[in-house]
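All chains are named by letter (A, B, ...) in the order of the sequence lines, taking the proteins before the strands, and each is independently numbered beginning at 1. Computation of the quantities below employed the complete heavy-atom set of this structure, encompassing side-chain atoms and omitting hydrogens, waters and symmetry-equivalent molecules. Note that the structure is predicted; figures quoted are calculated from it, not measured.
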Protein chains: 2
Amino acid sequence: MRNGKKMAETKDKARPRGRPRGFEPETALARARDVFWAAGFAASSLDELSAAMEMSRPSVYAAFGDKEALYLRALADYRDASAAAMRAALDPGLSPADGLRAVYRAAIAVYCADPAAPRGCLLIGTAATESVRNPRVRQALAESLALFNAILEERFRLARKAGELDTKADPAMLAKLAASLMFALAVRARAGEDRAALESLADAGVDMLCGAPAKTGRKRS
Amino acid sequence: MRNGKKMAETKDKARPRGRPRGFEPETALARARDVFWAAGFAASSLDELSAAMEMSRPSVYAAFGDKEALYLRALADYRDASAAAMRAALDPGLSPADGLRAVYRAAIAVYCADPAAPRGCLLIGTAATESVRNPRVRQALAESLALFNAILEERFRLARKAGELDTKADPAMLAKLAASLMFALAVRARAGEDRAALESLADAGVDMLCGAPAKTGRKRS
DNA sequence: TATATTTTGTACCAACTCGCATAATAAACA
DNA sequence: TGTTTATTATGCGAGTTGGTACAAAATATA
């Protein structure tokens, strides 16, 4: 049927013993992630998931376990991809402000990838809902948010060492504030705020976090 | 409160014609709101809802319509209560910084009311998930977030007029940044971050938004 | 009393949910 | 060729879902 075309022959690896898989795990996972991303965990049925993954339901179970395991796997993959993108954006060759701007810009691009139905962040937009009643999801969410904090903190710590930051600045708190703006962008994107508004908000946030005092609320004398 | 007309008749006005209701609409709605708050819209079954409301399912339907109508009603009530609390916290007798601190403190108190299972914000924690596929929920969410922005903006605008703010400051952008921190606090609370951490983050945010430049990342020379 | 009106409780429905048992299929291996 | 092994497809079953029909119950009114 759907495997008549190709048997998912991956590279030069010798085929395993049994019948070859009719799907590529990575793309199947990406499809599942997209379903969860749009509908959330609770509203994603296995029918819709297996259809999007182009797999029969027993195959989904055999390959990835039950619905929760599949969801946790999607969350973990998303977390890793996001962390990698953040580290890439925070190129130490750029100033902390430019790096932060790049992080926000990349995040907004992901959040608003589909202009017809912006999805925001998979973790904040869907895992947060499950977090109250599902401790495993809560832990995955908490760990992911902490990781994003830590990546930003590392950059701010480096900047302070390099003299790009006031020595009195607290890198950990700065990172939490910077991450908070990213989380808020995710919420606003999912609520439908348009991309231009998100980007100007992000720019104002960078100015406030890293400089350009003219635009803050501070009274200057 | 919001509909004095209908509420007044339950007091001591003549009883309506038929069999009297066995529930108080306000408390029943609050119970429904709590179920949605913990489980989200999709994972809240009518069985659980009607049990929490201490009403039979047909009674729920007769009084509030279907599950979505009940949810939208809970969202609207929550939005109104939140807006009232924000306006109360932003007492013009206080400085903008103190008012903002009060807003965050009140928000965190709501988000972390149950220390065993902090729920964050009903809108951000549950409506965001439904927003992608349910345009009515998305609109309710977007309008609520915009209302929170507007309430903060009004206070900043007043502060600028009163000379408490740099004339170059942009009240609209400041309000969006301030609201963004509130949204992030909601996300972090639902992810399980402890109350003390949220409060110190909120304080650092107020300092950054309204003054105390020593703690920002700005390099001062 | 009898009637009108509204709410309540029981019981039900069709559709959908997740997960699995079973068996056919497709490959490597002997 | 047959055997082994892994994946596929079919189909089912127990439970849950949102929503409703119906009649009993409780009140006001005539």
Output the rounded distance in Å from [atom1] ([X]) to [atom2] ([N]).
| X | N | atom1 | atom2 | result |
| --- | --- | --- | --- | --- |
| A:Phe64 | C:dC18 | CZ | P | 17 Å |
| A:Arg21 | D:dA9 | CZ | P | 14 Å |
| A:Met55 | D:dA9 | CE | C1' | 13 Å |
| B:Glu48 | D:dG15 | CD | P | 20 Å |
| A:Met53 | D:dT8 | CE | P | 11 Å |

Item to check | Base of C:dT6 paired with side chain of B:Arg17 (donor-acceptor, under 3.5 Å) | outcome: no
Next on the checklist: If only side-chain N and O atoms count, and only distance matters, is there a donor-acceptor pair under 3.5 Å linking B:Ser180 with A:Arg188?
Outcome noted: yes
Checklist entry - For the residue pair B:Trp37 and B:Tyr78, does the interplanar ring angle fall in the parallel (under 30°), tilted (30 to 60°) or perpendicular (over 60°) class? => result perpendicular
Next on the checklist: Check the orientation of A:Tyr71 and A:Phe41. Use parallel for under 30°, tilted for 30 to 60°, and perpendicular for over 60°.
Outcome noted: tilted
Checklist entry - To the nearest 0.5 Å, what is the distance between CD (A:Glu153) and CG (A:Leu158)? => result 12.5 Å
Checklist entry - How many angstroms lie between OG1 in B:Thr27 and CD in B:Glu54, if you round to the nearest 0.5 Å? => result 8.0 Å
Name the pairs: protein N/O against N/O of nucleotides 16-19 of chain D, kept only if under 3.5 Å.
residue : atom : partner : partner atom : Å
D:dG18  : OP1  : B:Ser44 : O            : 3.2
D:dG18  : OP1  : B:Lys67 : NZ           : 2.8
D:dG18  : OP2  : B:Leu46 : N            : 2.7
D:dG19  : OP2  : B:Tyr61 : OH           : 2.6
D:dG19  : OP2  : B:Lys67 : N            : 3.3
D:dG19  : O5'  : B:Tyr61 : OH           : 3.0
D:dG19  : N7   : B:Arg57 : NE           : 3.2
D:dG19  : O6   : B:Arg57 : NH2          : 2.1

Item to check | Presence of salt bridge, B:Asp98 and B:Arg101, under 4.0 angstrom | outcome: yes
Checklist entry - So which one's nearest nucleotide on DNA chain D is more toward 5', B:Pro58 or A:Pro16? => result A:Pro16
Next on the checklist: Need to verify one output field. Residue with the more 5' nearest nucleotide on DNA chain D, A:Ser59 or A:Gly18?
Outcome noted: A:Gly18
